[in-house]
Amino acid sequence: MDESRVREREPSLVHAFRQSTPYVNVHRGATFVLMMGGESIAHPNFANIVSDIALLQTLGIRLVLVFGARPQNDEALSRAGIEAHYHKRVRVTDDPSFALIKQVSGGLQFDITAKLSMGLANTPMQGARISVVSGNFVTAQPLGIDDGVDYCHSGRVRRIDVEGIVRQLDQQNLVLVSPIGCSVTGESFNLTSEEVARRIAVDLKADKLICFSSTQGVLDRQGHAISELFPEQAEELLVALEQAGEEMSGTARYLRAAIASCRGGVPRSHLVSYQEDGAMLQELFSREGLGTQIVRESAERARAATIEDIGGILDLIRPLEEEGILVRRSREQLEMEIDKFTIIERDGLIIGCAALYCFMEEAMAEMACVAIHPEYRNSNRGDQLVAKVAERAKRLGIRQLFVLTTRSIHWFRERGFEPLEVEALPVARQRLYNWQRRSKVLSKTIF
Ligand SMILES: CC(C)(COP(=O)(O)OP(=O)(O)OC[C@H]1O[C@@H](n2cnc3c(N)ncnc32)[C@H](O)[C@@H]1OP(=O)(O)O)[C@@H](O)C(=O)NCCC(=O)NCCS
């Protein structure tokens with residue numbers, strides 16, 4: 001490679017690598033259930049997805065991979081001249097169909113295991129050494145008979161061997177699960193991969209369920225991915241898909257699984273594209289992902305800071321301290337004052353903070369160290385933060401809030417803060433006033 005190209009590419013590599021560090025830390029030790037339908041396994045991008053799965057495993061993420069085989073089953077059945085039967089959107093698996101379906105699933109299991117075992121030099125899989133484990137982790141039971149229709153070998157999940165899966169994950173093994181479950185009667189049953197993945201995610205109390213769909217998440221009318229949905233909103237979209245006759249599309253099936261997982265306690269489920277190279281990595285390791293996440297509660301919340309947040313607060317305020325916008329605080333000082341901080345957290349990252357120093361005698365309080373991460377500004381977060389801090393101050397009996405600022409005077413003025421003389425500050429604060437910095441004092445009555 002010519003030298004100028006190396007130089008040209010390195011800064012973006014270094015930048016991207018550094019940017020991903022907080023996500024690497026957030027995800028390490030987390031449990032993800034990956035759900036791959038048969039379509040994604042058949043797609044040319046599958047090899048890249050496998051490399052990305054290897055990367056997740058290398059980064060210490062505990063992985064359960066559930067695969068489906070719907071298109072492969074349909075193809076095998078049609079090749080054998082067997083007509084597929086459905087009742088209430090569920091396949092009726094008779095004896096000849098099931099014989100083929102078991103073959104297909106078994107074949108896919110071997111193929112996926114083989115792909116995960118690759119280690120060719122000069123490929124992302126070099127040195128990955130993933131140990132893949134499959135087993136009888138899913139106990140099934142027959143669906144039985146409905147409206148006089150016998151579902152035969154189609155079944156539902158009865159129980160997940162959580163302990164067995166956890167034992168494998170503890171040993172850094174990747175658990176590969178097929179859509180065929182075993183029953184206590186010694187039979188096996190054909191399950192939907194969505195149900196298997198959802199049950200495993202919920203029972204395992206996984207941190208994420210990641211579904212690979214044909215589109216980049218759920219799309220709005222303009223064709224853009226909707227980045228975040230609550231289960232109720234996702235449900236509305238699901239109903240619309242069902243009404244449009246797309247109830248069996250990948251998006252509908254995955255949405256159903258994601259909604260149910262969310263309601264079952266999985267904090268976040270993602271829909272990412274299996275067609276786009278790197279979609280999962282972008283979703284997991286960049287500030288604004290590409291796909292759709294279904295979240296139990298907003299991925300963002302304002303809350304009181306704890307000692308664990310110190311690193312994140314320092315990352316946020318250091319650049320502003322270096323520019324002279326905020327007054328420098330040492331880690332020790334921050335540790336002592338952490339209970340005074342309110343933060344905005346998004347996806348485990350701290351993107352906003354503010355501190356409240358009370359002067360109880362005067363019923364006054366200083367709001368200091370107000371900062372919103374540059375990439376998240378101009379979306380009202382500053383406003384929300386100030387409102388949250390003011391609320392906290394009110395509860396403590398504070399009647400007047402003040403700030404000392406050098407560069408955000410207008411920002412506070414626009415939010416009702418009025419100029420105040422230094423002499424009007426609590427005496428203890430006056431003594432600390434830095435006359436060289438010459439910050440403007442602004443205040444607001446809050447009751
Ligand atoms: C000030 C700050 C907290 C605002 O955060 P934010 O989330 O972008 O604020 P909001 O979205 O609620 O408000 C955005 C509006 O304020 C304006 N604004 C942002 N920073 C401003 C500043 N320093 N001075 C004046 N106006 C400012 C924006 O232009 C925008 O105006 P618009 O709505 O007319 O487009 C953020 O810019 C920041 O962290 N600044 C650096 C730290 C700082 O100065 N802290 C104050 C000292 S304690």
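Counting starts at 1 for both ligands and their atoms, in listed order.
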Colleague: Does an N or O anywhere in N380 fall below 3.5 Å from an N or O of ligand 1?
Modeller: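 There is such a contact, yes.
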Colleague: Answer yes or no: is there a side-chain heavy-atom contact under 4.5 Å between S273 and F212?
Modeller: no
Colleague: Compare every heavy atom of L108 with every heavy atom of G68, then report the nearest pair and how far apart it is.
Modeller: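 That would be O-CD1, 3.8 Å.
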Colleague: Tell me the contacting part of H373 for ligand 1: side chain, backbone, both, or neither, using a 4.0 Å heavy-atom threshold, strictly below.
Modeller: neither
Colleague: Please work out, at 4.0 Å between heavy atoms, whether the side chain, the backbone, both, or neither of I372 comes within that distance of ligand 1.
Modeller: both
Colleague: Which residue supplies the protein heavy atom nearest to atom 12 (O) of ligand 1, what is that atom called, and how far is it?
Modeller: D383 N, 3.2 Å
Colleague: What verdict does the salt bridge (charged side-chain N to carboxylate O under 4.0 Å, His left out) test give for E39 and R253, after you've listed the backbone C-alpha separation in whole Å, the side-chain angles of each residue and the deciding distance to 0.1 Å?
Modeller: CA-CA 13 Å; E39 300 83 2; R253 288 187 282 119; 3.5 Å; yes
Colleague: What closest approach, in Å, do I343 and A305 show between heavy atoms, and which atom pair accounts for it?
Modeller: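 What the structure gives for the nearest pair is CG2-CB, 4.0 Å.
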Colleague: What protein heavy atom sits nearest atom 37 (O) of ligand 1, and how far away is it?
Modeller: R377 CD, 3.3 Å
Colleague: Could you check if a side-chain atom of F67 sits within less than 4.5 angstrom of a side-chain atom of S193, using non-hydrogen atoms only?
Modeller: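 SC-SC contact between F67 and S193 ruled out.
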Colleague: With a cut-off of 4.0 Å, which atoms of ligand 1 are near a heavy atom of R381?
Modeller: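 Answer for ligand 1: 7 (O), 11 (O).
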Colleague: Closest by any non-hydrogen atom to atom 8 (O) of ligand 1: pick that one out of T406, V386, N378, L385.
Modeller: N378
Colleague: By number and element, which atoms of ligand 1 are closer than 4.0 Å to a non-hydrogen atom of L320?
Modeller: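 Those of ligand 1 that fall under 4.0 Å from L320 are 41 (C).
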Colleague: Which residue and atom name correspond to the protein heavy atom nearest atom 47 (C) of ligand 1, and how close is it?
Modeller: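 Atom 47 (C) of ligand 1 sits closest to the protein heavy atom T405 OG1, 3.8 Å.
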Colleague: For atom 48 (S) of ligand 1, what's the nearest protein heavy-atom neighbour? Residue, atom name and distance, please.
Modeller: V370 N, 3.6 Å
Colleague: Could you report the tightest heavy-atom contact between S439 and T406, atom names first, then the distance?
Modeller: OG-CG2, 3.7 Å
Colleague: Kindly state if atom 6 (P) of ligand 1 has a protein heavy atom within a strict 4.0 Å cut-off, that is, under 4.0 Å?
Modeller: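 Flag for atom 6 (P) of ligand 1 set to true, protein heavy atom closer than 4.0 Å.
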Colleague: Need the ligand 1 atom indices (1-based, order shown) with element for anything under 4.0 Å from a heavy-atom of I325.
Modeller: 42 (C), 43 (C), 44 (O)
Colleague: Could you tell me whether R407 approaches ligand 1 through its side chain, its backbone, both or neither, with non-hydrogen atoms closer than 4.0 Å?
Modeller: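 Answer for R407: backbone.
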Colleague: Considering both backbone and side-chain atoms of R415, is one of its nitrogen or oxygen atoms within less than 3.5 Å of a nitrogen or oxygen in ligand 1?
Modeller: yes
Colleague: Distance below 4.0 Å between atom 33 (O) of ligand 1 and any protein heavy atom?
Modeller: no
Colleague: So between S408, C353, P374, whose heavy atom ends up nearest atom 44 (O) of ligand 1?
Modeller: S408
Colleague: Quick check: closest heavy atoms across L63 and I53, and the distance to 0.1 Å?
Modeller: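 Heavy-atom minimum between the residues: CD1-O, 3.6 Å.
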Colleague: Heavy atoms only: give me the nearest R256-E247 pair and the separation to one decimal.
Modeller: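 Result for this residue pair: NH2-O, 2.7 Å.
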Colleague: Where does the angle between the aromatic ring planes of Y23 and H27 fall among parallel (under 30°), tilted (30 to 60°) and perpendicular (over 60°)?
Modeller: tilted
Colleague: For ligand 1, which atoms have a heavy atom of A371 less than 4.0 angstrom away?
Modeller: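 Ligand 1 atoms under the 4.0 Å threshold to A371: 39 (O).
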Colleague: Any N or O of A368 that comes nearer than 3.5 Å to an N or O of ligand 1?
Modeller: no
Colleague: Can you tell me which residue among D203, V202, V196 is in a side chain to side chain contact (heavy atoms under 4.5 Å, CB included) with R199?
Modeller: D203
Colleague: Apply side-chain contact (heavy atoms from CB on, under 4.5 Å) to residues M280 and F32 and explain how you reach the verdict.
Modeller: CA-CA 12 Å; M280 175 172 65; F32 294 180; over 6 Å; no
Colleague: To which protein heavy atom is atom 19 (C) of ligand 1 closest, and what is the distance rounded to 0.1 Å?
Modeller: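 Nearest protein contact, heavy atoms only, for atom 19 (C) of ligand 1 is W411 CD1, 3.7 Å.
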Colleague: Atom CG in L176, atom OG1 in T113: separation rounded to 0.5 Å?
Modeller: 5.0 Å
